[in-house]
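Following: one structure in structure tokens, then a few remarks.
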Amino acid sequence: MRLKAMIAATLLGSFTPSYAGDKQPIDAALSEAEAEAGLRYSYTMKFEWPGEAPITVRYDAGRDRWSTLDGNPDALPREAKKKLGNIKKSESEPGGLLYADFREYLDDITLVNETDDQYIYRFIPSQVDEDDVTGTAEDVVRARLYVAKDDQRLARYEVKGLKPFKPNPAAKMEEFEVVQEFERLGENGPAVLRKLYSRQKGEQFFRSVDTEFTATFSDFEKVE
């Protein structure tokens, strides 16, 4: 999933990991995705916007073409149509459903917890203006990366606003949450985006923003 201006991170905290060696699991996961950045897949996407009928579309990577399988995209509200168009554009790029471009937006990633099946990292998105909040940025936005131990993939990315914050001088978010979930295709296939959830409420450039959507991805076919 293309982050593009979503995050550029400065990380805090420390944790003693159980893995051996210098290469952290998150680094291994990112390196694998970077090596597969040129992969192209056809897939089906279901787009859900509260109060509206779901839209199901299919991307044909061989022809670089989208088709509608179910629902009427033109019946969506303007903001919903805009979000659907943005997702179709970003995820149809080569490697778009991978996390091959995450590294440049994640600086000095820090492991903060470990469970039986996951390594958990934290970071502080740079959009949080620490001059505009009380306490630390971690008090304002909770940001996590989860790496699965079994197949060393990035399993989940999440950023959630805990209180109102300003991502830039012309915006203020009252509610903010982005969650991306990744699963591996088959036993040895790449880890691809399977679910994207976004919730944003506030003001951007002096206009009210109130959006929420879920996109799920399925029926993948590799294009050689």
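Note that this is a predicted model, so its numbers are computed, not measured.
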Please give me the minimum heavy-atom distance between [X] and [Y], naming the atom from each residue.
X	Y	value
Pro190	Glu36	CB-OE1, 3.2 Å
Ala100	Glu34	O-CG, 3.3 Å
Ile120	Leu111	O-CD1, 3.3 Å
Val192	Phe220	CG2-CZ, 3.7 Å
Val223	Gly62	CG2-N, 3.8 Å
Glu48	Pro54	CG-CB, 4.1 Å

(Q) Between Leu98 and Tyr41, is the side chain to side chain contact (heavy atoms under 4.5 Å, CB included) condition met? List the steps. (A) CA-CA 10 Å; Leu98 307 176; Tyr41 281 86; 5.9 Å; no
Q) Can we call the ring centroids of Phe176 and Phe165 under 6.0 Å apart? A)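 When the ring centroids of Phe176 and Phe165 are compared, they turn out to be within the sub-6.0 Å range.
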(Q) Would you say the ring centers of Tyr197 and Trp49 fall short of 6.0 Å from each other? (A) no
Say whether, by atom type as modelled, one donor and one acceptor occur between the side chain of [X] and the main chain of [Y] under 3.5 angstrom.
X	Y	result
Lys149	Pro25	no
Tyr59	Ser92	yes
Thr56	Lys46	no
Arg122	Arg144	no
Arg184	Gly189	yes
Arg153	Glu32	no

Find out whether [X] and [Y] are in side-chain contact, i.e. whether some heavy atom of one side chain is under 4.5 Å from a heavy atom of the other.
X	Y	result
Thr115	Tyr146	no
Met45	Leu84	yes
Val57	Thr68	yes
Gln152	Tyr119	yes

Kindly compute the distance separating [atom1] ([X]) from [atom2] ([Y]), expressed to the nearest 0.5 Å.
X	Y	atom1	atom2	result
Thr110	Leu145	OG1	CG	10.5 Å
Leu97	Arg40	CG	CZ	10.5 Å
Gln204	Lys172	CD	NZ	14.0 Å
Leu154	Asp151	CG	CG	10.5 Å
Ser31	Gln24	OG	CD	11.5 Å
Glu174	Lys201	CD	NZ	8.0 Å

Q. Val141 and Val209: same hydrophobic cluster, using ILVMFWY side-chain contacts below 4.5 Å?
A. no
(Q) Using the rule that Ile, Leu, Val, Met, Phe, Trp and Tyr join whenever any side-chain heavy atoms are under 4.5 Å apart, tell me whether Leu185 and Leu30 fall into a single cluster. (A) yes
Q.
For Lys160, is there an ion pair with Glu158 - N to carboxylate O distance below 4.0 angstrom?
A. no
Q. Would Glu221 and Arg58 pass as an ion pair if we require N to O under 4.0 Å?
A.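 Yes, charged N to carboxylate O under 4.0 Å.
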Q: Determine, step by step, whether Lys88 and Phe47 satisfy the side chain to side chain contact (heavy atoms under 4.5 Å, CB included) criterion, reporting the C-alpha distance in whole Å, the side-chain angles of both residues, the deciding distance to 0.1 Å, and the verdict.
A: CA-CA 10 Å; Lys88 289 166 66 175; Phe47 180 83; over 6 Å; no
Q) Would you say Lys81 has more than 12 foreign heavy atoms packed within less than 6.0 Å of its NZ? A)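 Atom NZ in Lys81 is crowded, with more than 12 foreign heavy atoms closer than 6.0 Å.
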(Q) Applying side chain to side chain contact (heavy atoms under 4.5 Å, CB included) to Val179 and Lys195, what does each step give before you reach the verdict? (A) CA-CA 8 Å; Val179 176; Lys195 183 177 181 179; over 6 Å; no
Q.
Tyr157 vs Tyr99, test: ring-ring contact (aromatic ring centres under 6.0 Å, His included). Steps then yes/no.
A. CA-CA 10 Å; Tyr157 160 95; Tyr99 40 84; over 10 Å; no
